[in-house]
Structure formats: C-alpha cells, structure tokens
2 protein chains.
Amino acid sequence: MARATATTEDSLSSELIRAAGVKVTRGRVRVLDALRAARQPLSHAEMEALPAGAGDAAIDRVTLYRVLDSLVACGLALKAVDTRGVFRFSAAGSQRQHAKHVHFRCTGCGGVFCLKAEPPPPPRLPRGFRLQQVEFDLRGLCAGCGAGTS
Amino acid sequence: MARATATTEDSLSSELIRAAGVKVTRGRVRVLDALRAARQPLSHAEMEALPAGAGDAAIDRVTLYRVLDSLVACGLALKAVDTRGVFRFSAAGSQRQHAKHVHFRCTGCGGVFCLKAEPPPPPRLPRGFRLQQVEFDLRGLCAGCGAGTS
DNA sequence: CCACTAATGCAACAGTGTTGCATTTGAAGG
DNA sequence: CCTTCAAATGCAACACTGTTGCATTAGTGG
Ligand SMILES: [Mn+2]
Ligand SMILES: [Mn+2]
Ligand SMILES: [Zn+2]
Ligand SMILES: [Zn+2]
C-alpha cells in the first residue's frame, strides 16, 4: 500500500522531469519526489540526510546541489533563503497553493509554517524593477523553539 | 564642518552604547556609527571594507562579528538575512521608520529598497508562537541588476 | 548497439560565521 | 594616578554552505 503510493509518486516526478525537457536521472527523481512529499521547504542538509530509498546509494553532495539547481532552472522547484541564511527548496506545484497564504518563519529552527490569512496585493514598483515574488512573512519563534523562553 | 558632524555622531553612538550598559570601545562606536549613517542594512563584508576612520587600524574580522552580535544583543542593532543568505545589520532606531513601509529585496545584489506602501496588519498566530517581526517583502531584480536581462 | 551530450563523482576551493585561548583594554575603586 | 579584573580583542583553527574544474559515467536519440 505504502509501496504503491511511492511508486505512483515516482512516476509522476519522472513525468514532470521529462516534460520539463531535461534528462530523467535517479537523482532528480528522488529529489523531486522528496520535495513533493515534504510539507515544508527542505534544506540541502536535510535532503542529504534523507534515507536512501531501496538500496540506492546516497547522492553526492555536489550532485545534490546541481540537481536542486537544475530543478529550479527548469521551473520544477523554488529556492528561497530561510531566517538562518540557508537555502530551502520546494516543489513548484506547491507554490501556487503557498502564494495564497501568509507564512511564519521561525528564527530558531528556520522552519516555515503556513497560516490561513491571505497576503495583500503588491504595491507599485519603481521604474526598472522586476517583481518575481511577493512574500508576507511573520518572523519569530515557533511553539517548539519558544518553549524554554520566559 | 564635516569634522564637526562626524564628532557629533560619534558622541551620540558612544552615548547610546554607554546607555545600553556595555563597554564603550572604539570598535563598537565605529560600527554603530556606520550603521546609523547607512541608508540600507549593511553586511559584515561591507563593513569590513569600510575605510578606517582617521588612522584607525582596521577592525579584526572576528571582532567585527562579535561587535555586531553585541550591538544586536543590547538592542542597538537589528540582524536579518538578505536574499542571498547573508546577514545584514541596521541601527535599531531606523527600524521604527522601516516598520512603516514595504521593502523590495533584490535577488541579484541582495540590496534592500524602501517603497512607500505600508504593510497590512498581521493575522492571528497559532498557540505558542511568538511574533517578533512582520515583513511584507517584494522580491525580484532591482533596476541595476535587471538591466541586462531580456 | 552507438555516439554524443548531459549529468555525475571527486577533489579542491571560496565565503560566511564560530570557537578557544592568550593578550589587551575599559571602567570602577583605592 | 595606580591597581584590579571582567569584558573585549586578535589570532589561529575550525565548521558549514555553496561553487568550480575535470575526468568518468550514464541518458537519450538515432
Ligand atoms: Mn504555505
Ligand atoms: Mn525601509
Ligand atoms: Zn522553530
Ligand atoms: Zn540588485
């Protein structure tokens, strides 16, 4: 049952990658799979620590960076920096959904939490500026990280 | 004239540091001075490249990190990450003004630009979460960085 | 199955930030 | 002034994140 689901997701990731016009490699499939399954954006370190599927060898550190860059370049993943200055990646499909609400970013653990409020429309920009993304972020400590504080 | 102004600002920085209850050192005065004079948040690298005042020796790299941390710890400076994942620091006084408007963050150069629109009020948070900062950011390329692109 | 390009693995490197420890210095009191 | 002592500094070494160069491997299209 769990196996069947995993296989289905694997195929879908492969299909997305093929449709994007780049080579379908084990690394890309595994990484996109992980991104699509994740509920929060993942850092490079977190993905490197992912359990290798079924007897699959671990992905090389540099290759993982390049796989992530390639997924971003072909539009299948998004890249953004967390509050600690570390890049986090998410599957591109999930951003349409995340564009519709506000986020809370924990300064303690770098985690990203989805809130239910929706962001306001963007204001006008100065001449020559190109808007790529709108982000209405709340920063602070999540319930876990703020537990010990006064 | 310029000398008189500089002296005045130096004194004010010293006074702020003294009032914060920490030792007044050359490094702290110079750094807080630079932060108060800056129109945008400054990175560690940018501050390290600052011209040494008048025959003053350059500040040690590690000491600069510790000076910045101490200014943040005593509430005289703010620390936030830019779109490239590098920390930037600003004088604490300047944030009251920056809290009243929206910012554009350039993904090319990491620069921060102040817009005239004001941010909307924050939504409710889940139980246990502590809000420290609200940020309504627009991301993209500034006029300089986007010049060469199609 | 072949050929050809894109992707990978490995080593070495760069930038940013941290830790440990010996030395210096600011500030408080004598 | 001079003494004292915690706090701040300078330096070396380190950790983490991300990049570059280059030889080898593996997709893909024929
Ligand atoms: Mn979300
Ligand atoms: Mn501003
Ligand atoms: Zn947290
Ligand atoms: Zn720019």
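Sequence lines set the chain letters: A, B, ... in the order given, protein chains first and strands last, and positions in each chain run from 1.
By the 4.5 Å heavy-atom criterion applied to side chains, A:Met47 and A:Leu68 are counted as neighbours.
No N or O donor and acceptor, one from the side chain of B:Arg61 and one from the base of D:dG10, sit under 3.5 Å apart.
We find that CZ of B:Phe87 is positioned 15 Å from P of D:dC16, with the value rounded to whole Å. The distance between atom CG of A:Asp69 and atom C1' of C:dA7, rounded to the nearest whole Å, is 13 Å. Remark: C1' of D:dG10 and OH of B:Tyr65 are 16 Å apart, rounded to the nearest angstrom. Between B:Asp82 atom CG and C:dG15 atom C1' there is a gap of 13 Å when expressed in whole angstrom units. Here the P atom of nucleotide C:dC10 and the CG atom of A:Leu64 are 14 Å apart, to the nearest Å. B:Asp60 places its CG atom 16 Å from the P atom of C:dT19, with the value rounded to the nearest Å. Atom-to-atom, CD1 of B:Ile17 to C1' of D:dA7 comes out at 14 Å; the value is rounded to the nearest Å. In this structure, CD of A:Glu46 is placed 14 Å from C1' of D:dT17, rounded to the nearest angstrom.
Using modelled atom types, one side-chain atom of A:His44 and one backbone atom of A:Arg61 make a donor-acceptor pair closer than 3.5 Å. For the pair B:Ser43 (side chain) and B:Arg88 (backbone), a donor-acceptor distance under 3.5 Å is absent.
Note that the two end axes of the helix from C:dC1-D:dG30 to C:dG30-D:dC1 enclose an angle of 40°, each drawn from 5 base pairs, rounded to 10 degrees.
Cation-pi geometry between A:Lys79 and A:Phe89 is not met: the NZ or CZ atom fails to fall both under 6.0 Å from the ring centre and inside 45° of the normal.
Each of A:Val86 and A:Leu42 belongs to its own hydrophobic cluster when Ile, Leu, Val, Met, Phe, Trp and Tyr are linked at side-chain heavy-atom distances under 4.5 angstrom. Cluster annotation: A:Val62 is not connected to A:Val67 through the hydrophobic network of ILVMFWY side chains, with a link wherever side-chain heavy atoms come within less than 4.5 Å.
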Point to revise | Base versus backbone protein contacts along nucleotides 21-30 of chain D [heavy-atom cut-off under 4.0 Å; B, S, -] | key: B-----BS--
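Residues B:Arg36 and B:Ser13 have side chains that bring a donor and an acceptor to within less than 3.5 angstrom of each other.
Legend: side chain to side chain donor-acceptor pair (under 3.5 Å) pairs involving residues 65-75 of chain B, not counting sequence neighbours, sorted by first then second residue: B:Arg28-B:Ser70.
A:Glu135 and B:Arg105 are not joined by a salt bridge, as no carboxylate oxygen comes within less than 4.0 angstrom of a charged side-chain nitrogen.
Remark on DNA chain C: of its neighbouring residues A:Ile59 and B:Arg84, the 5'-side contact belongs to A:Ile59, judged by nearest-heavy-atom nucleotide. Mapping B:His44 and A:Arg28 onto DNA chain C by nearest heavy atom places A:Arg28 closer to the 5' end of the strand.
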